[in-house]
Amino acid sequence: MRPDSIDEIFRRAKAGKALFIDRKALTPEFVPDHLSFRDGQIQAVAEVLAPVLHGSKPSNLLLYGKTGTGKTAVARYVQAKLGGEAGPNELTVAYVNARIANTEYRTLAELAKFINLPVDKQIPFTGLSIGEVTERIFAAMQAQKRRVILVLDEIDYLVKSFGDSILYEFTRSGERLAPGFLSLVGISNDLKFKDDLDPRVLSSLSEEELVFPPYTVEELREILTDRAQTAFRPGAASQAAINLCAAMAGSEHGDARRAIDLLRIAGEVAEREGLEEIDDTSIRRASDKMEHDRVDEAIRSLPVQNKAVLLAVSRFREGTNTGELYLAYASLCKRFGLETLTQRRVSGILAELDLLGLIEASVVSKGRRGRTKRIQLLISEEALAKTLSEDTTFGK
DNA sequence: CCTCCACTGGAAACCTAGGCTC
DNA sequence: GAGCCTAGGTTTCCAGTGGAGG
């Protein structure tokens, strides 16, 4: 995050104010030497993937569990161990997050980065058909006799948004890639996505399945204690502070990522304030900051039309409906010199904003006065205004 | 119990930007 | 450069609908 200069770190350490020794231990990328409470899962994943070490194709594998239950961590952990056992020439472990890649095409393009495609068969960022991209990847894998384990994170997003066609291609690629292969480790937050799969894809993909239960608050507490020992200087994070972080993050479902982020940010807040240790206030501030950052980032990365719609929603303090909103939106567009989209499209954008949790939109029937959506802003107007004021289109 | 409003949301057509082949 | 292709965003079209007021 903040690249503290060495001088600064030493200066604070001398003054006894540095709380962190090793901030990395509390970042999402950090893979600890030991993953607590996931021995069973680690062993199961290892057993499924082990055949790769004597050159045969491991079964495809599906990992399920809510966010922050350690699915990605376990996959990374096993991946790191495997990488140590097998040399890089024997095995390629590719990690792609489908939601971050965002489209079917870009998911494939990400995968392609792990495989050395011939210079004349690189994947441009647009212009090729999905089929052509798949073809290029498979051709290169075949030529190089590649053995690939593809860890496909948020596979449910991929299926929900684009269907299972590329998974279908992956699962039936077996013969043509021999003696190389492509094994899939799918990671999903959502069990229901299987309903959308072609039965053939489903049976192939879920040769092995593994469920990750949420962490209990006690488990979170232990995980945090463990990480805090590496991350903070002694005494910087009291047991009480750690307990509060665990309780706050664990209250919904045991989300370890959230708990770890919360503790790290609380540490940063406390350090900035020049405190000797993390107190309750720093933790609560960190929690607010996380929520604020999430919203801020969500708004910032919105396409301009979605921002316009969101801005229109914010004009109605008491909530509104689709028709009224559309008029407000249209006049905003005129004011900012934006193209005015159709009501149908705006309705679609509203659904997207709803999904992001920025607004709440639910269908209500008002009898003779028709059916519409009841739309309400879920974030503070000031936060929205502040974020949008940095936007080139909405300067004021 | 029936009507009929003000939409919803699915489906398909259309548009744009970009790569490919010749 | 012409003429083809695709992905992704948008428009067009329209059947479908929950429930207050009659």
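Throughout, protein chains are lettered first and strands after them, A, B, ... in sequence-line order, and every chain is numbered starting at 1.
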For the side chain of Arg368(A), starting at C-beta, report the closest nucleotide among dT8(B), dT17(C), dC4(B). dC4(B)
Taking the nucleotide of DNA chain B with the closest heavy atom to each, which residue, Ala351(A) or Gly370(A), is nearer the 5' end? Gly370(A)
Would you say the side chain of Arg344(A) and the base of dT8(B) hold a donor-acceptor pair, judged only by whether the two atoms sit under 3.5 Å apart? no
Side chain of Arg371(A) only, heavy atoms from C-beta on: which candidate in dT11(C), dA6(B), dA7(C) is closest? dA6(B)
From CZ of Arg374(A) over to C1' of dG19(C), roughly how many Å is that when rounded to an integer? 16 Å
Return the value, rounded to whole Å, for the distance between atom CZ of Arg345(A) and atom P of dC14(B). 19 Å
Keeping Ser206(A) on the side-chain end and Leu202(A) on the backbone end, is there a donor-acceptor pair under 3.5 Å? yes
Quick one: does NZ or CZ of Arg227(A) land under 6.0 Å from the six-membered ring centre of Phe30(A), within 45 degrees of the ring axis? no
Between dT10(C) atom P and Glu339(A) atom CD, what is the distance in whole Å? 9 Å
What integer distance in Å separates Leu341(A):CG from dC15(B):C1'? 13 Å
It should be established whether Ser365(A) places a side-chain nitrogen or oxygen under 4.0 Å from OP1 or OP2 of nucleotide dG19(C). no
Mapping Thr322(A) and Gly367(A) to their closest nucleotides on DNA chain B, which lands nearer the 5' end? Gly367(A)
Could you check which of dT8(B), dC4(B), dG10(B) has an atom nearest any side-chain atom of Val363(A)? dT8(B)
Atom CD1 of Ile166(A) to atom P of dA7(C): distance rounded to whole Å? 12 Å
Check whether NZ of the Lys or CZ of the Arg Arg38(A) lies under 6.0 Å from the centre of the six-membered ring of Tyr215(A) and within 45 degrees of that ring's axis. yes
Closer than 3.5 angstrom, by distance alone: can the side chain of Glu277(A) be matched with the main-chain N or O of Ala237(A) as a donor-acceptor pair? no
Examine dC7(B): is either OP1 or OP2 under 4.0 Å from a nitrogen or oxygen in the side chain of Lys366(A)? Give yes or no. no
Less than 3.5 Å apart, any donor N or O on the side chain of Asn306(A) or Glu352(A) sitting next to an acceptor on the other? yes
Just to confirm, is there a sub-4.0 Å distance from OP1 or OP2 of dT8(B) to any side-chain nitrogen or oxygen of Ser347(A)? yes
Starting at CG of Leu350(A) and ending at P of dT10(C), how long is that distance when rounded to a whole Å? 13 Å
dC7(B) P sits how many Å from Arg369(A) CZ, rounded? 11 Å
Can you tell me if Arg136(A) touches the phosphate of dC20(B), counting only side-chain N or O atoms and a distance under 4.0 Å to OP1 or OP2? yes
When the distance from OH of Tyr329(A) to P of dT10(C) is rounded to whole Å, what number comes out? 9 Å
Could you check whether Glu132(A) gets within reach of a base, just the sugar-phosphate, or nothing at all, counting any heavy atom under 4.0 Å? nothing
